[in-house]
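For reference, the structure is listed below as structure tokens.
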Amino acid sequence: MLFHRLRNKLPIVLIILLSPIIVVLNILLVLIMFLDPRARKFDKQEARAILSEELEKVRKLGYAKLRKLFIEQKQIKNFEITATSGVDYQVEIQGWWDGEPDKDILISGGIDNGGLSAYVPLSDSFIMRRDGSLAENQ
């Protein structure tokens with residue numbers, strides 16, 4: 001009888017027992033990330049220049065190619081690039097409809113160096129219209 005009662009409450013008991021351990025592990029993870037040398041090497045100007053260059057390459061593909069890659073094939077471009085400074089950056093570029101289907105495509109890119117910047121990556125975006133023109137930034 002006692003075993004049956006405990007068995008039904010076991011998930012709750014485990015959560016209560018494991019919660020402090022999870023909190024401590026999260027605190028340790030954040031401390032380790034603060035000590036990570038990559039956290040100090042995130043050069044926003046360098047990262048912004050790299051992201052702008054990569055988004056320009058995507059922009060040159062045109063509406064039809066963007067639609068095929070990002071909308072129809074649902075691709076997300078993820079890659080790593082080493083800057084001239086020697087810092088490794090992770091870049092992610094993705095796209096989706098900006099509002100109604102078969103109209104404008106929103107392309108968004110983000111960049112981080114794997115340190116703390118991974119939690120708040122630098123980002124930029126553009127909107128391409130069906131005629132290949134870019135929507136004005138608002």
Separation between CD (Q94) and CG (N78), nearest 0.5 Å, reads 8.0 Å
Side chains of E46 and S85 in contact at under 4.5 Å (non-hydrogen atoms)
yes
Tell me, please, whether F126 has R59 positioned over its six-membered ring: NZ or CZ under 6.0 Å from the ring centre and within 45 degrees of its axis?
yes
Side chains of L134 and R129: closer than 4.5 Å at any heavy-atom pair?
no
Going by heavy atoms in the side chains, are D43 and Y89 under 4.5 Å from each other?
yes
One should read off an interatomic distance between K44 NZ and I111 CD1, to the nearest 0.5 angstrom, of 13.0 Å
Only one of V23, V24, L25 forms a side-chain contact (heavy atoms from CB on, under 4.5 Å) with I21, so which one is it?
L25
Quick one: does L69's side chain get under 4.5 Å of L61's, heavy atoms only?
yes
Output the distance between atom NZ (K65) and atom CZ (R67), rounded to the nearest 0.5 Å.
14.5 Å
To the nearest 0.5 Å, how far apart are CG in N113 and CD in E80?
10.0 Å
Side-chain touch V91/K77, heavy atoms, less than 4.5 angstrom:
no
Side-chain heavy-atom pair F79, Q90 within 4.5 angstrom cut-off:
no
With no hydrogens and no angle check, is any side-chain donor or acceptor of S52 less than 3.5 Å from a backbone partner on R48?
yes
Flag if over 12 foreign heavy atoms under 6.0 Å of CD, Q45
no
Donor-acceptor contact below 3.5 Å, side chain E92 vs main chain G109
no
Within a strict 4.5 Å, meaning less than it, do heavy atoms of the I105 and I71 side chains meet?
yes
Hey, mind stepping through L122 and D112 against side chain to side chain contact (heavy atoms under 4.5 Å, CB included) and telling me if it holds?
CA-CA 6 Å; L122 222 158; D112 67 77; over 6 Å; no
Kindly indicate whether the side chain of F70, heavy atoms from C-beta on, has any atom under 4.5 Å from the side chain of I76.
no
How long is the straight-line distance from CD1 of I81 back to CG of D88, given to the nearest 0.5 Å?
10.0 Å
What is the minimum heavy-atom distance between K103 and Y63, and which atoms define it?
O-OH, 2.5 Å
Straight-line distance of D104 CG to D131 CG, nearest 0.5 Å
8.5 Å
Correct closest heavy-atom pair for S108 and S125 would be CA-CB, 3.9 Å
